[in-house]
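Structure, as structure tokens:
We're numbering straight along the sequence, starting at 1.
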Amino acid sequence: MIRDADKLESLLAQVRSFVRSRAIPNEDRVEAEDRVPPEIEAEARRLGIFGWSIPEEYGGAGLTTEELALAFIELSQCSVAYRVHLGTNAGIGSEPLIQDGTQEQKRRYLPRLASGELLGCLALTEPEAGSDAIALQASAVATGDGRYRIDGIKRYITLAPIADLFVVFARTDPDDRTASGVSAFLIERGTAGLATGRSTPKMGQEGAPIGEVHLENCLVPADAILGGVPGRGFKTVMKALNKQRVNLAALCTGPAIRMLDEALRYARERHQFGRPIAEFQLVQAMLAECKVEIEAARALILETARKRDRGENVVLDVSLCKYFATEMCGRVADRAVQILGGQGYVKGRGIERFYRDVRAFRIYEGTSQIHLLNIAKELLRQGGGAG
């Protein structure tokens, strides 16, 4: 749902300008320094990027699902690190609060997330709880004085080394090993008993740190429970992920557009056998395959976003989006490297960085295999595949 086409186009134009004039020229610097420079973060704050999805009453832009998808497609046409650092608050960093936070919790945190004063992160994954999130071992025990003692380790948490607000999932009912025994807690950095490790070395996405969150005898008041009611944490994260998977699909489409642009530019300028390689049919086929898949992903994402904005059930659709868009992006990256040949493999044109960066898309927020299972389960439950 697009509420005001002119206003949205103005926002998208600002984002395009930011990406081309500020983000892309600093991509090598972000990788070398393993951080988004403070002046670029400040500019993103001025543009309101951190608050895109947060309701206007809390200082955000209140973008609809469709508007947010279009904005994310534009923002992600630069190094993946930017969209992680600058876009998480407009996604999984705020969505649990938007979905299920109490009014007091929303008033306390959402304006600061919208402005970029705070960076939010979702602390769910553990050493033994990845795809099977219900298997988490982190515990939250009521102490009898209106507080909970939380103990556990979270792993591979996006932005953990630099985040300010953690949505931590822990088991509040040790006798209930189902989703109903899990609660979500809002914990600020600086709380005694919460510590984060250094940025975990990884294949790519320098500038977008991930790391561990250590909770040891971390005492928090009962009103730190997201929504104020224990036992709803898993339902909250699933509601948040239903939207975030549309976001992530959009955030995979931007890099694919950028890589196709780079491949097209190179195919026109690179000459072999006396003519541009763009004139060779097998190169043309790879370019065409990239375009077909990008447009298919875009159409699927925007239709799913519209369905969500209409209030329809999109459980199946978001898995379709996440699976297709992340796999598509990987295929585009592979073709782009192939078209550029040696220039695609070595550093210098940024394609090798995208090749490494986008590989993670098929793993987090549900692996491709988990989403295939989700799709099959929903098809069988619905009893038909016609849509």
Side-chain angles (χ1 to χ4, degrees), residues 1-24 27 44 47-53 60-93 95 205 208 242-264 290-309 314 317-318 320-333 336 350 354 357-358 360-362 364-365:
M1 180 176 66
I2 295 175
R3 300 163 298 171
D4 185 324
D6 291 339
K7 186 175 180 181
L8 177 63
E9 184 49 45
S10 176
L11 182 148
L12 297 180
Q14 288 181 330
V15 177
R16 289 188 201 106
S17 176
F18 168 77
V19 166
R20 285 156 180 74
S21 66
R22 300 292 289 143
I24 291 176
E27 287 176 331
L47 292 172
I49 292 173
F50 288 93
W52 276 348
S53 69
L63 298 186
T64 66
T65 314
E66 182 179 4
E67 291 167 343
L68 186 60
L70 290 166
F72 274 150
I73 288 172
E74 294 293 341
L75 177 64
S76 56
Q77 291 179 45
C78 53
S79 175
V80 174
Y82 289 113
R83 76 89 175 162
V84 176
H85 187 116
L86 308 179
T88 293
N89 276 16
I92 206 66
E95 194 61 27
Q205 298 194 16
N242 265 350
K243 181 179 181 183
Q244 179 58 18
R245 285 162 177 166
V246 181
N247 295 342
L248 180 57
L251 290 161
C252 294
T253 304
I257 292 170
R258 167 75 180 283
M259 288 186 285
L260 176 56
D261 287 346
E262 296 290 344
L264 280 165
C290 291
K291 180 64 172 176
V292 168
E293 292 199 77
I294 288 169
E295 293 307 320
R298 194 200 311 257
L300 177 61
I301 292 161
L302 294 180
E303 179 54 28
T304 298
R306 294 179 192 119
K307 288 178 70 173
R308 186 180 184 277
D309 286 337
V314 292
D317 306 78
V318 297
L320 293 171
C321 283
K322 201 279 180 179
Y323 173 76
F324 183 78
T326 57
E327 293 285 336
M328 172 276 294
C329 191
R331 290 190 291 269
V332 170
F354 273 108
D357 287 353
V358 305
F361 293 166
R362 294 153 58 193
Y364 50 56
E365 294 182 27

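- Here the straight-line distance linking atom SG of Cys321 with atom CG of Asn242 works out to 11.0 Å at 0.5 Å rounding.
- Classification of Glu27 and Arg258 as a salt-bridged pair holds, one side-chain N sitting under 4.0 Å from a carboxylate O.
- Lys322 approaches Phe361 most closely through the heavy-atom pair NZ-O, 2.8 Å.
- Glu365 approaches Leu248 most closely through the heavy-atom pair OE1-CD2, 3.8 Å.
- Pro255 is not listed as a side-chain neighbour of Asp357, based on a closest heavy-atom distance of 4.5 Å or more.
- Atom CG in Leu86 sits 5.0 Å away from atom CZ in Phe50 (nearest 0.5 Å).
- Minimum heavy-atom separation, Ala256 to Met328: CB-SD, 3.6 Å.
- Between Asp309 and Met1, the shortest heavy-atom contact is OD2-N, 2.8 Å.
- The heavy-atom pair separating Asn247 from Ala90 by the smallest distance is ND2-O, 4.2 Å.
- Looking at Leu75 and Ile49, their side chains come closer than 4.5 Å, going by heavy atoms from C-beta outward.
- Thr64 places a side-chain N or O within 3.5 Å of a backbone atom of Glu67 that can act as its donor or acceptor partner.
- Taking every heavy atom of both residues into account, Gln205 and Tyr364 meet most closely at NE2-OH, 3.5 Å.
- Between Leu302 and Lys307, the closest side-chain pair of non-hydrogen atoms is not below 4.5 Å.
- The side-chain heavy atoms of Leu320 and Phe324, taken from C-beta on, include no pair separated by under 4.5 Å.
- Side-chain N/O atoms of Arg308 and Thr65 include a donor and acceptor closer than 3.5 Å.
- Considering only heavy atoms from C-beta on, Leu8 comes within 4.5 Å of Leu70 through its side chain.
- Separation of atoms CZ (Arg83) and CG (Leu251) is listed at 5.0 Å; rounding is to 0.5 Å.
- In terms of modelled atom types and a separation under 3.5 Å, the side chain of Tyr82 and the main chain of Ala23 share a donor-acceptor contact.
- Qualifying side chain to side chain contact (heavy atoms under 4.5 Å, CB included) partners for Ala71, counting only residues two or more places apart in sequence or in other chains: Leu11, Leu12, Trp52, Leu63.
- Side-chain contact between Glu293 and Glu327 is absent, with no heavy atoms from C-beta onward closer than 4.5 Å.
- We find the OG-NE2 distance between Ser79 and His85 to be 12.5 Å, quoted to the nearest 0.5 Å.
- Note: Arg362 CZ to Cys252 SG = 10.5 Å, rounded to the nearest 0.5 Å.
- Using a 4.5 Å cut-off on side-chain heavy atoms (C-beta onward), Cys329 and Met259 make contact.
- One distance of note links NZ of Lys7 with CD1 of Ile2; it measures 13.5 Å at 0.5 Å rounding.
- Scanning for side chain to side chain donor-acceptor pair (under 3.5 Å) contacts around Glu66 gives Arg306, with sequence neighbours left out.
- For Ala250, the side chain to side chain contact (heavy atoms under 4.5 Å, CB included) test picks out Ala69, Phe72, Ile73, Ile301, with sequence neighbours left out.
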